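Contents: one structure, followed by commentary.
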There are 2 protein chains.
Amino acid sequence: MGNVMVAAKARSSSRSKEKIREENELIILIAAEKVFAKHGLKGATTKQIADMAILPKSNIHYYFHTKLNLYRYVLESILVDWMKAADTFDTFDEPREAIRYYVGAKMDLSRTRPFGSKVWANEIISGAPVMEEILSSRLKKWVDTCVNSINTWIELKKIVNVGDAHTLLYMIWATTQHYADFEYQVKILNNGKRLTDAEFEEKKQQVIDLVLRSVGLNP
Amino acid sequence: MGNVMVAAKARSSSRSKEKIREENELIILIAAEKVFAKHGLKGATTKQIADMAILPKSNIHYYFHTKLNLYRYVLESILVDWMKAADTFDTFDEPREAIRYYVGAKMDLSRTRPFGSKVWANEIISGAPVMEEILSSRLKKWVDTCVNSINTWIELKKIVNVGDAHTLLYMIWATTQHYADFEYQVKILNNGKRLTDAEFEEKKQQVIDLVLRSVGLNP
DNA sequence: AAAATATTTGACCATTTGGTCAGGTTATAA
DNA sequence: TTATAACCTGACCAAATGGTCAAATATTTT
């Protein structure tokens, strides 16, 4: 028993201030992502976030000061992940491969980080009051390059002329994010059972094939 | 001046109790749909709804008793509209026409009733706590018939084998509803300008064509 | 016309909520 | 070892919120 105490003490002592901050911020961010996903910015309470993080409420305020501030951090963190996945769009010359990888990556993100997607969806649905600036600067810029890629493919007759490249992009976003944002509906319509990993891989392939055919490519 | 008073009095007197109830309930439902769309069930306040309806808060409680009850009515009302539009799916034998009309109808609903779509999205994102029963009964049943139609088309080689019919259905839902749920993002990425009616018709055609090609049909 | 029924609304209340703060503990620098 | 800075948290508070209610007004029925 004394050993346990000593070990606990030692472990506790070895946590540097830096590590403590790092760990707690992460714990809070993960908890906040879940709570914001379920209740939105206004609906989420700092108490819920604190309970989810198994920390006293004051601790949340100590690290992030205000709820709005914490919300911003959550959204920023999601955007970083999304942008990373989005890079694959440029790394392939052939639209078949580019689309295959991009859609695949977006599906994977919907599977691995569904709460982030939901927070984002919530933010946009409620009028993007917090992210408007970032949308019209960072995201707009990225979308423009994406649109350029697609238009080049169209000019080179590598894919069908879809009219406005945005329409294709939105279809990809909407379809892939559906599996995160509407996962409860998907679950209910799958006889109440969450998709297994194997099932999800199937759907991913099907989505990829749908998108490829939609631009005139044979999967 | 006396005439105006008399006219006002007469008009006021002529409103029957029945009409009063009908009108006020509609006013409140429309206001509530907007507020719930922006803030979700928990985030929306009865005060906001009252202000949007230009009525005292007590009046909202008089007609709908609780906020949750009002929320239920809003969701029910949306589902009715959606089901109506969805009927077109069965009225055509040829998939080309069926898909064309269904996707078109869903796009039109996204344009004409974006707030309803947002409330629905919010409800699903937050785990469908209120609509779960209706989802697993009414919606499930409708989806099953839809899936049957699609599978028949596949068996008859009228469309490509998409694997799971749900995947196609979800793509249609997600893509069409994107123009309602994510309209602020669409606006921002359209250089801050909301899509005009003409532009929206263009996008609608493009979406229809994308979906048709995705199942191997030439638009 | 008067009784009965339905609508309207300001005042009110218990509860919840975001946020503060003082006083304590723990780690680190001197 | 001691001083300093960072971390921790229970207690607290002002504001907001969902909902109630009684009294006033308007319509309908008898």
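Being a predicted model, the structure only gives us computed values, none of them experimental. Here is the naming used below: chain letters follow the sequence lines, and residue numbers restart at 1 for every chain. Every heavy atom of this structure was used, including side-chain atoms; hydrogens, water molecules and symmetry mates were not.
- We find the NZ-CE distance between A:Lys47 and A:Met52 to be 12.0 Å, quoted to the nearest 0.5 Å.
- Taking atom NZ of residue A:Lys19 and atom P of nucleotide D:dA6, one finds them 19 Å apart after rounding to whole Å.
- Taking the six-membered ring for Trp and thresholds of 30 and 60 degrees, B:Phe36 and B:Tyr71 have ring planes more than 60 degrees apart, a perpendicular arrangement.
- When side chains are defined from C-beta on, A:Leu195 counts as touching A:Arg111, because their heavy atoms get closer than 4.5 Å.
- Rounded to whole Å, the distance from NE2 on A:His39 to C1' on C:dT16 is 14 Å.
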Counting primed atoms, P, OP1 and OP2 as sugar-phosphate and everything else as base, the B/S/- map of nucleotides 7-20 of chain D against protein heavy atoms under 4.0 Å is BSBBB-----SBBB
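- Between B:Ile27 atom CD1 and C:dT7 atom C1' there is a gap of 14 Å when expressed in whole angstrom units.
- Between A:Asn69 atom CG and C:dG18 atom C1' there is a gap of 13 Å when expressed in whole angstrom units.
- When all heavy atoms of B:Lys57 and B:Thr46 are compared, the closest pair comes out as CD-OG1, 3.4 Å.
- The CD-C1' distance, from A:Glu23 to D:dA6, rounds to 16 Å in whole Å.
- Heavy-atom contacts from other residues, nucleotides or ligands closer than 6.0 Å to OH of A:Tyr73 number 12 or fewer.
- Residues B:Gln177 and A:Phe182 have side chains in contact (heavy-atom distance under 4.5 Å, counting atoms from C-beta outward).
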